[in-house]
2 protein chains.
Amino acid sequence: MSTIARALALLDHFSPDHPRLGLTEMMRLSGRDKATVHRHLTALVQAGYLEQAPDTRAYRLGPALTRLADMRRHTVPEIEMVGALIDDLSRVVGELVHVNRLHGFDLIHLCHAEHHNHPVRVSFDATERPPVLATASGRAFLAFSAPEVVAAALADPGTWDRKDAAPDGVAVRETLATIAAHGFAYNRDTLRLGVSSVAIPVFDADGTPVATCSIAYPTGRGGADFRDRLARHLMAFAPKMTVAMGGVVPARVQKIWAAQGNSTKMADQA
Amino acid sequence: MSTIARALALLDHFSPDHPRLGLTEMMRLSGRDKATVHRHLTALVQAGYLEQAPDTRAYRLGPALTRLADMRRHTVPEIEMVGALIDDLSRVVGELVHVNRLHGFDLIHLCHAEHHNHPVRVSFDATERPPVLATASGRAFLAFSAPEVVAAALADPGTWDRKDAAPDGVAVRETLATIAAHGFAYNRDTLRLGVSSVAIPVFDADGTPVATCSIAYPTGRGGADFRDRLARHLMAFAPKMTVAMGGVVPARVQKIWAAQGNSTKMADQA
DNA sequence: GACCATCGGTTCAATTATTGAACCATTGTA
DNA sequence: TACAATGGTTCAATAATTGAACCGATGGTC
């Protein structure tokens, strides 16, 4: 382990429970010598990765981090950032993973990852632009959006499948409420026969949805249990992705996801 | 300079113009040996401060930065406190409000608030690091700093715009004196064409500047009158913020701000 | 008020990790 | 094919890191 790694590891000891750490505490946490820790800390302060309170002499995370994080947000295209992440997810679940963004009321494909463990798998077409309310992604997005957005979506005739009749506003709102309570949306054969999917929103810094992450799989793969397993994967994954994109998961959603991560049974969605 | 500092300095070479850097380029920019740079880069990748594109092998800023910056946001209370304060100010004046800190002689962005009343507004880039003396914030900071700090700033070639000739020490000192007399600094199209700003210092418990608060607006919005209106807003606001951060406004500054708050006409700044 | 513990910080010789010139492998180009 | 440029590796020489001991300040205790 290099000196650099050892020094940077000091930063990892900060947490919401320990926002400020003193020299001795750092020494204890890292298990290294006091002089060494002190040298490292001062180097980090010098570089702006830490700052030291003049009075208590305690250390806390420094301004350089915000600067660099901003820089990362500005310079790293989210597509690539997200690409690496969903690649991992896809590898774990062995299914097709999508990331979509809502542009107007069109779901636009941002990127996808596919690590096929199974002979039977879902094909897809990145150019497709299905009506928002007909997809798990679209519903997941809207379920966590502001009422005005939902209202606008319902008012727009392009959001529901043109083959169907206009969706009943009340029924749709109920579905969205259920989704918001579950923490995720799903879809079984509704858009394309034989294809099911599970979807979850990704948030920006204001806590409003900016994108969705979804897993698509052949319906034959399994029933509610299989679906819920995937949903739990998504609920563990979405916070990571949200953070990577510089966003924040709203507290209420965080709570739901944490709770659902443990439960085994869930109510049906309309 | 410690190994840690040298390694971390590598991260500073990333900019909006150079979001991805290769080994050789890093070597050139840092002026160090290739092997050393490579060691450092891999250490940083290991720690998540950088990530490497698998195909091009180019490096870019990594996810650990977002994580730590978030942690800082959550654990450093002043940021949120200041955030709430400037949010109000921004709402009142209807312009972009910034808070910066001086780290070394770099102005670093702490937070900002933007409540756009106008169709035309100032965009900004939190990653920019302009020369201190070229900004209203920097000059406001230095105008209220100790003579030694000013002398050090003038001695540092990085504090003035490299496109210009070295600033005349006498002229700069005069400008700073004027600013100190006015109670605030301003800037009209000097850093970015079409962008003006007004800035004011925030003090710590010792009465030395710790940060600056500034308002940026499109130059077209108005002339000296408009600018002075914003300045008065700042002079009313800065004491609040200083107090909120546990600082004290020096008596002489307090006097100036109180006086200027009533006057309607002010002399020009160089 | 002397005593002790704890804290942040410093010193300096011993050690250990860092360094960098030279080298290798790969890719793209003339 | 030769050449240049890229990313990466090796290993002896070297320079930086290390840590036991020490200092000064603060704060609680008898």
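Chain naming here is simple, since letters A, B, ... match the order of the sequence lines and numbering starts at 1 in each.
Side-chain contact between B:Q254 and B:P239: absent, with no pair of heavy atoms (C-beta onward) separated by less than 4.5 Å.
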All N/O contacts under 3.5 Å from nucleotides 26-30 of chain C to the protein, with atom names and distances to one decimal?
none

Anything under 3.5 Å between a protein N or O and an N or O of nucleotides 16-22 of chain D, put it in a table, one pair a line.
{"residue": "D:dA16", "atom": "O3'", "partner": "B:T3", "partner atom": "OG1", "Å": "3.4"}
{"residue": "D:dT17", "atom": "OP1", "partner": "B:T3", "partner atom": "N", "Å": "2.8"}
{"residue": "D:dT17", "atom": "OP1", "partner": "B:T3", "partner atom": "OG1", "Å": "2.9"}
{"residue": "D:dT17", "atom": "OP2", "partner": "A:R39", "partner atom": "NH2", "Å": "2.7"}
{"residue": "D:dT17", "atom": "O5'", "partner": "A:R39", "partner atom": "NH2", "Å": "3.1"}
{"residue": "D:dT18", "atom": "OP1", "partner": "A:R6", "partner atom": "NE", "Å": "3.2"}
{"residue": "D:dT18", "atom": "OP1", "partner": "A:R6", "partner atom": "NH2", "Å": "2.8"}
{"residue": "D:dT18", "atom": "OP2", "partner": "A:H40", "partner atom": "NE2", "Å": "3.0"}
{"residue": "D:dG19", "atom": "OP2", "partner": "A:T36", "partner atom": "OG1", "Å": "3.3"}

Hey, mind stepping through A:T75 and B:F14 against side chain to side chain contact (heavy atoms under 4.5 Å, CB included) and telling me if it holds? CA-CA 9 Å; A:T75 56; B:F14 289 97; 5.9 Å; no
For A:R91 and A:D87: C-alpha separation, side-chain torsions, deciding distance, then whether side chain to side chain contact (heavy atoms under 4.5 Å, CB included) applies. CA-CA 6 Å; A:R91 201 168 270 120; A:D87 206 62; 3.3 Å; yes
For the pair B:L110 and A:T66, evaluate side chain to side chain contact (heavy atoms under 4.5 Å, CB included) and give the outcome as yes or no after the intermediate values. CA-CA 8 Å; B:L110 216 93; A:T66 1; over 6 Å; no
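When the P atom of C:dT19 is taken as reference, atom CG of B:L10 falls 10 Å away, rounded to whole Å. One atom, CG of B:L41, and another, P of C:dT18, lie 14 Å apart when rounded to the nearest Å. The nearest whole Å value for the distance from the CE atom in A:M26 to the C1' atom in C:dC7 is 16 Å. Atoms CZ (A:R57) and P (D:dG24) sit 14 Å apart, rounded to a whole Å. Spacing between atom CZ of B:R20 and atom P of D:dG7 amounts to 14 Å, rounded to whole angstrom units. For the pair B:L21 CG and D:dG8 P, the computed distance is 13 Å after rounding to whole Å. Going from atom CE of B:M27 over to atom P of C:dA22 covers 14 Å, rounded to whole Å.
Phosphate contact (OP1/OP2 of C:dT10, side-chain N/O of A:H38, threshold under 4.0 Å): present. In terms of phosphate contacts, A:Y59 brings a side-chain nitrogen or oxygen within less than 4.0 Å of OP1 or OP2 of C:dG9.
Between B:R67 and A:D12 a salt bridge is recorded (basic side-chain N to carboxylate O distance below 4.0 Å).
Within 4.0 Å (heavy atoms only), B:Q52 reaches sugar-phosphate atoms of the nucleic acid but no base atom.
Rounded to the nearest 0.5 Å, atoms CD1 (B:I179) and CZ (B:F184) are 9.5 Å apart. Note that CG of B:L133 is 7.0 Å distant from CG of B:L176, once rounded to the nearest 0.5 Å.
The aromatic rings of B:F203 and B:F144 sit perpendicular, their planes meeting at an angle over 60°, well past the 30° parallel limit. The aromatic rings of B:H98 and B:H109 lie perpendicular to each other, with more than 60° between the two planes, well past the 30° mark.
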